[in-house]
Amino acid sequence: MAALPPRKNPTPTKIHRQNLSPLETLLYMGFSRQRAEKALVATGHRGIQLASDWLLKHVNDRTIDTPAARDYILYLCPVGELQQQLSLFWQKSKYKMGWNGAHNSFPHITLTSSFKCPDSDVLSLMQTVSQVSEHFVEDISSTKLQLERYMSPNFFGLFVEKDQEALLKRLTQELCKEIRKLGVKADPIIKSFHLTLAYQFPQKHFTALEDLARDISPPSPCSWELRLYSYDSRTAGCDVYKVLYAHVPREQDELELLIGDFVFVTQEEMSKTTDGWVVGISWLTGASGYLPTNYVERTAETNAWTLHTVIPFSRDRELGLGSGVDTLDTKPAQPVCDSIASTSITNIGSNSSLERLGGTQECDSSVFRSVHDLEIESLYAKVARNVRESPAGHGEGDLEFEGSNVGGEGQREDEVSSSTPTRPLGPRQLFIARHGERVDFTFGLWIPYSFDKDRKYQRKDLNMPPSVPDRRDGPEGFTRDCPLTVIGTVQAKMVGEAMKEAGVTIHHVFCSPSLRCVQTCHHILTGMGVADKLKINIEPGLFEWLAWYQDEMPSWMSSEELTSAGYNIEPGYKPYISSEELQDTQETCQQFFIRNFFITQCTLQATEEAGGNVLLIGHAATLDTCSRQLVGKEPRPVNELMSIVRKVPYCSVAMLEEVMEDDETSLMQMGGRSSPTLSRGGRHSPTLSRLGGRSSPGGISSMSLMSRSTIRTPAPPPKVWRIVQPPFPPMTHTSVSTFDWKMLLDKE
C-alpha cells in the first residue's frame, strides 16, 4: 500500500475549552488581550460570563482600548460586633447630621497608599497579597487590637494603641516589599493606624457626633479581614451617585440610567448646574452623558470599587480563602456595597449584613452571592441583551404578548399580563394588604396534634383548613410558614369582593413567599374574579422583618409546590431579592424599611410602561414599610413601627395613589410631601438652554462634540405618591381593632 503523503496544513490540535483559563477563553472568543484583561480585572476575576457581559456593555466606552491601570489599595476591615456598632454610627450620623467625609467609605484601617498595577499583573498581585498575609494570620488572629477613641473639633476616630502598631507595620511593610517585586510601586502606611468615624463636618454637629461616638465600645469583640480593592483611576475627583429611577435618553447627549447603577459626577459639575442636568459617567457601561440630578442620590464612593481578595485573620479558616491563584481566581469578588448597613462584602467569617437591602449569607462566597452581587449580574445581563426583554423582575413568559395588538394573534382576550400593551388611563394605584388570620396565632402549637403518626393532616377544628398543601419538608415546614385559618380565607375573599364591588382593578401582583400571604393573595383575587387570569409573582423581598427570626428562617414552599397546590404562580418571575439572600437576622429596622421600599420602587418601575394598578401582599409591617418612603417620609424608629404593627389587623389594606400633575399644587398646599428625590432642593427646574461647554469628568468623552444648540426640558420628575382612603370599608373581626388608614399619616 502506498504511503500517505504529508499534509501541508494539518488539522490543529482540538482545544478543550473546559481546560482554558478565563483569559484564554475570552481570547478564544475573539476579544483582544487588553480588553479581556481589563474586563476580568474590572469584575474581580469572577468568571467568564460576567467579564464577557462587561465587554458587551462597554461597547460605547470610548476608553475601553486605552491602556489605563486601575488604582489599588489594601484595607484592614473589622468584622463582628464592633463592625456592627460602627455601621450603626455610620447610619445614625448620616441620617441625623447629614453627609460628612467618612460616609465616602466603610470602616477600615488603611495599610497602603493607593498604587497602580497593570491588568496583566493583577493575578500575581492577588497571589502575593494572599501568600504574605498567610504568614500573619496566627499573629493577628491571636492579638486583640486595642483601639482608643479620639475626638477633636474636626475629626472622630479609633486609633490602634502605640504598642500594637508594630505588628501592623510589619504586615504593611512586608506586603509592599513583595508587591514591589512585581514592578508595582506600593508604599506602606506606617503610622497612626486608625478607623475614621467622622471628618469634614460642620462644627455645629460636633456635640451630636460626640454623643453617637460614645455609644461605640472599642473593646467589643472583633476579628479582622485584609482586603484588596481597586477602582477606576479615571473617575478620581468625582462623587458617586446611585441611580434611583430609570431614564431613557431623549437626545443623543443624554445618559441612559438603570436602577442600581452608579454614576460619577465631579463636584464642580454638580455645583454649576442651573437646569438640574449634569454630565456623568456610568459605572455600568463606561458611557457618559447628561443626566437629571433628581434621579440619583449621593452614596459612598467605595460602592464603585471592586473587591479582589479577602484574607480573614481568624483561626477559623474553614471557608478556605487560602493562597493560590486558583482559589482567588474562582472566588466571586464584587463591587463594594453601600456601607450604610455593612462593611463586609462577601461576609466571609462575619455576621454583618450587606447593604443594599440588608441581606447576605454567612457562607462560602463561591457558592452563595450577595444581593448586590446578583443585582450587578442582572444589570450586566440587561444591558448586554440586544433584544428587548420584559421589565425587570418579570418572567420571559410575559414576552409573548409584547408588540401584539389587543385581542390579536398571540394574545388571549382575557389574559392579564404585565406587558399588556394597552395602558390603563388615570392615576396608578398601589394596594398593600396584610395576610388573613393565621393558624399558629389562633391555635398555638397546632402541628403535633394535627398530624398523625403517618404524618397525614387531620382537621381538629372547623376553623382549621380542610387540608394543607404537600411540601418537601413535611409538617415541620409549617412551623415557621403556617397556612391561613378558614376565617383567614374568608377574610381575604371578602376583601377581594369589596375591591371588585368598589370598581378596583388590579393589573400586577407581587406577594411575600409566606404561605399565609400566598393564600391571602389567591383568595383576594378569587373574590375579585381574576384568580385564574392574574398570576402571582412571588417576591421574597416583601417578607417581614428578619430580626424576628433569630433562631431560624422559614423554609418556604417552591413555586412548583405552590402551583401544584392550586395557586396561579408566575413560574418565570425573577425576584429582586431571592430567598437565599434573606439570611441576615441582624437586619436593623432601618434596613428593613430600605429593603421593602426598594421592592416597592422596583415593582412600580417594572410595571410603569405597561401601567395599571399594583397589589402587594405582605405582613402587618408591610403596609408602612412599603409606603412610608414612597410618600417622602423617613423610616420610622422601632418603637413607632411596633405601634403601627399592633394596629394593623388581618387583611387590612392601605392604598396609595399616584399624584397627577394637576393635583401636585393642591397636595403641597395640604402639606403633603413628594417623593424623596423631588423634595431634595426643588429640582423642578425651568426649561433652560444648555449652551457652552461642560466637559465630562475624567476626559472620558468629548461632550463638546454633541449638540449644544437645543433647549432641553428637564426629564419628567419621579412619580409622586400619596396615601388615600381605600374605596371600600375596613374589616373588623372579634376583638381586633378596626384598621384606620389615617394612622399612616403623621400628625400635623
Side-chain angles (χ1 to χ4, degrees), residues 357-361 368-369 371 374 392-395 418 432-436 438-441 465 468-484 488-489 492 508-525 531 534-549 551-585 587 591-592 595-600 602-603 606 614-623 625-626 650-651:
L357 306 165
T360 189
Q361 308 82 345
F368 294 101
R369 293 162 293 174
V371 177
L374 295 173
H394 288 264
S418 296
I432 310 172
R434 184 193 178 188
H435 58 77
R438 49 193 289 181
V439 169
D440 55 354
F441 281 15
V468 294
D470 293 331
R471 55 193 307 162
R472 63 188 180 280
D473 44 8
E476 293 76 14
F478 294 111
T479 304
R480 291 175 176 79
D481 187 30
C482 73
L484 294 179
T489 62
H508 318 278
V509 182
F510 299 85
C511 181
S512 165
S514 295
L515 176 58
R516 58 190 181 273
C517 295
V518 176
Q519 291 179 324
T520 299
C521 187
H522 170 76
H523 287 286
I524 288 178
L525 298 179
L534 192 56
K535 291 186 178 294
I536 302 172
N537 297 308
I538 302 299
E539 177 51 65
L542 288 173
F543 186 57
E544 58 188 342
W545 193 8
L546 304 185
W548 289 330
Y549 294 84
D551 51 348
E552 184 180 359
M553 286 290 291
S555 175
W556 295 301
M557 295 176 64
S558 66
S559 295
E560 293 77 14
E561 290 175 317
L562 291 171
T563 300
S564 298
Y567 304 115
N568 193 8
I569 306 300
E570 171 55 66
Y573 176 72
K574 302 169 186 176
Y576 296 98
I577 303 176
S578 70
S579 57
E580 292 80 11
E581 295 155 4
L582 294 178
Q583 301 297 324
D584 181 16
T585 57
E587 182 181 51
Q591 293 164 351
F592 175 37
R595 170 166 59 85
N596 272 194
F597 176 48
F598 170 72
I599 296 300
T600 307
C602 289
T603 56
V614 176
L615 174 63
L616 304 181
I617 305 293
H619 308 264
T622 309
L623 278 69
T625 55
C626 285
Y650 293 126
C651 280

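- Among residues two or more places apart in sequence or in another chain, the salt bridge (charged side-chain N to carboxylate O under 4.0 Å, His left out) test is passed with Arg516 by Glu544.
- Separating the CD atom in Glu570 from the NZ atom in Lys574 is a distance of 10.5 Å, to the nearest 0.5 Å.
- Shown here for Cys626 and Leu542, the closest heavy-atom pair between the two residues is SG-CD2, 3.8 Å.
- Listed by chain and number, the residues in a side-chain contact (heavy atoms from CB on, under 4.5 Å) with Ser558 are Arg472, Glu560, Glu561 (sequence neighbours excluded).
- A 4.5 Å side-chain heavy-atom check between Leu515 and Leu562 finds at least one atom pair inside the cut-off.
- Legend: residues meeting side-chain contact (heavy atoms from CB on, under 4.5 Å) with Asp473, ordered by chain and number and at least two apart, are Arg471, Ser555.
- The side chain to side chain donor-acceptor pair (under 3.5 Å) search around Thr625 returns Asn596, not counting sequence neighbours.
- Considering CZ of Arg480 and CE of Met553, their distance stands at 10.0 Å, rounded to 0.5 Å.
- Contacts of Ala565 classified as side-chain contact (heavy atoms from CB on, under 4.5 Å), with partners at least two apart in sequence or in another chain: Pro469, Tyr567.
- With Asp481 contributing its side chain and Ser514 its backbone, the two residues share no donor-acceptor pair below 3.5 Å.
- The side chain to side chain donor-acceptor pair (under 3.5 Å) check on Thr600 picks up nothing, with sequence neighbours excluded.
- Smallest separation of non-hydrogen atoms from Cys517 and Gly618: SG-O, 3.3 Å.
- Remark: the backbone N or O of Pro571 is not paired with any side-chain donor or acceptor of Ser559 at under 3.5 angstrom.
- At least one side-chain heavy atom of Leu582 sits under 4.5 Å from a side-chain heavy atom of Arg595.
- In this structure, CD on Gln519 lies 8.0 Å from OG1 on Thr489, to the nearest 0.5 angstrom.
- In this structure, Ser512 OG and His435 NE2 are separated by 8.0 Å, a value rounded to the nearest 0.5 Å.
- Applying the ring-ring contact (aromatic ring centres under 6.0 Å, His included) criterion to His523, with sequence neighbours excluded, gives no partner residue.
- A distance of 6.5 Å separates CG in Leu615 from CG in Leu525, rounded to the nearest 0.5 Å.
- In terms of modelled atom types and a separation under 3.5 Å, the side chain of Glu539 and the main chain of Phe510 share no donor-acceptor contact.
- Ile536 contributes atom CD1, which lies 8.5 Å from atom CD1 of Ile617 (distance to the nearest 0.5 angstrom).
- Of all non-hydrogen atoms in Leu484 and Val439, the two that sit nearest each other are O-CG2, 3.5 Å.
- Evaluation of the side-chain contact (heavy atoms from CB on, under 4.5 Å) rule for Asn568 yields Lys535 as partners, not counting sequence neighbours.
- Residues passing the ring-ring contact (aromatic ring centres under 6.0 Å, His included) test with Tyr549 are Phe543, sequence neighbours excluded.
- With contacts defined as side-chain heavy-atom distances shorter than 4.5 Å, the pair Thr622/Arg434 does not qualify.
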